[in-house]
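The chains referred to below are lettered A, B, ... by the order of the sequence lines, with proteins before strands, and numbering in each begins at 1.
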Protein chains: 2
Amino acid sequence: MTSPHHHAGGSPARKLSPNQSKILGCLREAGEPMSAYAILDRVRKSGIAHPPTVYRALNDLMKRGMVHRLESRSAFIACGHGECDGRFAFAICRACDKVIEIPLGEKEQARLLGLAPAEISPETVTLEIAGLCESCGLAQASPA
Amino acid sequence: MTSPHHHAGGSPARKLSPNQSKILGCLREAGEPMSAYAILDRVRKSGIAHPPTVYRALNDLMKRGMVHRLESRSAFIACGHGECDGRFAFAICRACDKVIEIPLGEKEQARLLGLAPAEISPETVTLEIAGLCESCGLAQASPA
DNA sequence: GCCGAGCGCGTTATGTTATATCATTGATCA
DNA sequence: TGATCAATGATATAACATAACGCGCTCGGC
């Protein structure tokens, strides 16, 4: 048995590997979406040196629901709820990249999956809403 | 026959350039999503030789609503309705890449945009539903 | 006709995102 | 002790996308 290593809280299953912890920490610190290569730059000093290392960790973290991928931006972000196994949507400011995670209730999920035609039995949904956040909206309405 | 009749200025519905026509034709023939480089391979015989040519045409066609991009696959597909300026969703078979375009009614659109929190005023929605199509579902249930 | 502006497009080069593959390490167990 | 497997390290390359420059055509003014 190994000693508990890190991350108090809720994880019922396996623990994170050191690399996974580093990368999750990096994303949580940032609080905003980062590309895999941006993550790589930030964790180089921690000894992570190659893209596959980052992608492996990200894929594992995504399986656990602790990191999500923003498809419309090819970027990754820490789950705002620590961990979630459900479905969620994102609202993304197209100007400043701010991201807000939107948890989807059961009903909402069902409704979204129900949009799929009979020919395709739906499994996962990717929903990203782009727009302008308040400050960027103001900045644009009255430029310098 | 191409009629090279282009003109800068007010006309709201300009016609397609030769390259745009070729690439739209290619996508329509395919009837399924293609990567930009797959398109490039297919139109090389028509004289298109470089990625930027393809991306330029794709971007124009997307602005016109005649081509959509599948974010979750980095692929492009001809609009199933010829042209649409509205919102739409996609159902995608994760096994065979079959794509079905789902037109979203006004109500559905409004509901989706309404999911955005107050902080972000929503503009566009990206909704992609992945799952298994009938034949792939069967194939998986009873493998050869 | 001549000229310059605008535009579509060709071309080169490079940037960015992601993965296939093999090597190394370290734990487990007959 | 040595076989074996899982995880990670490292190399290389594949796949996706765009920046930047330049050419040639058509259009409009003169």
Side-chain angles (χ1 to χ4, degrees), chain A residues 1-3 5-6 13-24 26-27 33-64 67-77 97 126 128, chain B residues 2-27 30 33-64 66-77 94 97 126 128:
Chain A
M1 299 316 151
T2 43
S3 56
H5 201 242
H6 142 283
R14 300 145 301 171
K15 34 197 317 268
L16 296 179
S17 78
N19 281 349
Q20 289 164 1
S21 297
K22 284 174 199 162
I23 280 165
L24 179 57
C26 172
L27 274 173
M34 300 179 74
S35 78
Y37 280 76
I39 294 168
L40 178 55
D41 285 344
R42 291 264 255 108
V43 297
R44 249 185 238 285
K45 52 187 70 107
S46 328
I48 294 176
H50 308 287
T53 306
V54 174
Y55 281 101
R56 274 198 284 244
L58 286 173
N59 285 332
D60 290 341
L61 290 167
M62 282 192 291
K63 276 190 203 129
R64 294 163 182 264
V67 163
H68 308 310
R69 182 193 161 95
L70 300 178
E71 300 289 351
S72 64
R73 311 209 142 220
S74 296
F76 303 86
I77 189 166
D97 278 14
T126 299
E128 301 180 12
Chain B
T2 50
S3 354
H5 172 231
H6 55 275
H7 178 74
S11 214
R14 293 150 306 172
K15 21 193 332 237
L16 296 180
S17 78
N19 281 348
Q20 288 164 2
S21 298
K22 284 175 199 161
I23 280 164
L24 179 58
C26 172
L27 274 173
M34 300 180 74
S35 78
Y37 280 76
I39 294 170
L40 178 55
D41 285 345
R42 290 264 253 109
V43 295
R44 247 184 239 284
K45 50 187 71 107
S46 328
I48 294 177
H50 308 285
T53 306
V54 175
Y55 281 102
R56 273 195 285 243
L58 286 172
N59 286 331
D60 289 341
L61 291 166
M62 283 193 290
K63 276 190 203 128
R64 294 162 182 264
M66 304 175 87
V67 163
H68 308 309
R69 181 191 161 93
L70 301 177
E71 299 289 351
S72 64
R73 312 211 141 219
S74 296
F76 303 85
I77 189 166
R94 63 171 158 81
D97 278 14
T126 299
E128 299 180 15

Quiz item: With a non-hydrogen cut-off below 4.0 angstrom, is A:R69 in contact with a base, only sugar-phosphate, or nothing?
Solution: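 If one applies the 4.0 Å heavy-atom cut-off, A:R69 turns out to touch the sugar-phosphate alone, with no base involved.
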
Less than 4.0 angstrom between a side-chain N/O of [X] and OP1 or OP2 of [N], yes or no?
| X | N | answer |
| --- | --- | --- |
| A:S35 | C:dT16 | no |
| B:N19 | C:dG10 | yes |
| B:R56 | D:dA19 | no |
| B:T53 | C:dG10 | yes |
| B:S17 | C:dC9 | yes |
| A:H50 | D:dG9 | no |

Without decimals, in angstroms, what is the distance between [X] [atom1] and [N] [atom2]?
| X | N | atom1 | atom2 | answer |
| --- | --- | --- | --- | --- |
| B:L58 | D:dC16 | CG | C1' | 12 Å |
| A:L40 | C:dA18 | CG | P | 13 Å |
| B:D41 | D:dA14 | CG | P | 14 Å |
| B:D60 | D:dA17 | CG | P | 16 Å |
| B:M62 | D:dT18 | CE | P | 8 Å |
| A:E71 | C:dT17 | CD | C1' | 13 Å |
| A:R73 | D:dA17 | CZ | P | 15 Å |
| A:L16 | D:dT8 | CG | P | 11 Å |

Exercise. Would you mind telling me which residue lines up with the more 5' stretch of DNA chain C, A:A75 or B:P51, judged by nearest nucleotide?
Key: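 Its nearest nucleotide lies further toward 5', so the answer is B:P51.
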
Quiz item: Which distance, rounded to the nearest 0.5 Å, do you find between the CD of A:E71 and the OG1 of A:T126?
Solution: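 If we round to the nearest 0.5 Å, A:E71:CD and A:T126:OG1 are 5.0 Å apart.
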
Exercise. Working to the nearest 0.5 Å, report the span between CD1 of B:I48 and CG of B:L40.
Key: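 Atom-to-atom, B:I48:CD1 and B:L40:CG are 8.0 Å apart.
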
Exercise. Record whether the side chain of A:Y55 comes under 3.5 Å of the base of C:dA20 through a donor-acceptor pair of N or O atoms.
Key: no

Exercise. Record whether the side chain of A:Y37 comes under 3.5 Å of the base of C:dA18 through a donor-acceptor pair of N or O atoms.
Key: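 Between C:dA18 and A:Y37, which were checked side chain against base, a qualifying N/O pair under 3.5 Å is present.
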
Quiz item: C:dT17, D:dT11, C:dC9: which one has an atom nearest the side-chain heavy atoms of A:P52?
Solution: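 Among C:dT17, D:dT11, C:dC9, the one nearest the side chain of A:P52 is D:dT11.
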
Exercise. Measure from the side chain of A:F76, starting at C-beta and using heavy atoms only, and say which of C:dC9, D:dC16, C:dA18 lies closest.
Key: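 For the A:F76 side chain, the nearest candidate turns out to be C:dA18.
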
Self-check item: Close side-chain approach of B:R73 and B:R94, heavy atoms under 4.5 Å
Solution: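 In short, these two side chains touch, coming nearer than 4.5 Å.
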
Self-check item: Donor-acceptor contact below 3.5 Å, side chain A:K22 vs main chain A:S46
Solution: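 Such a contact is found between A:K22 side chain and A:S46 backbone.
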
Quiz item: Do A:E128 and A:S72 get their side chains close enough for a donor-acceptor pair, meaning under 3.5 Å?
Solution: yes

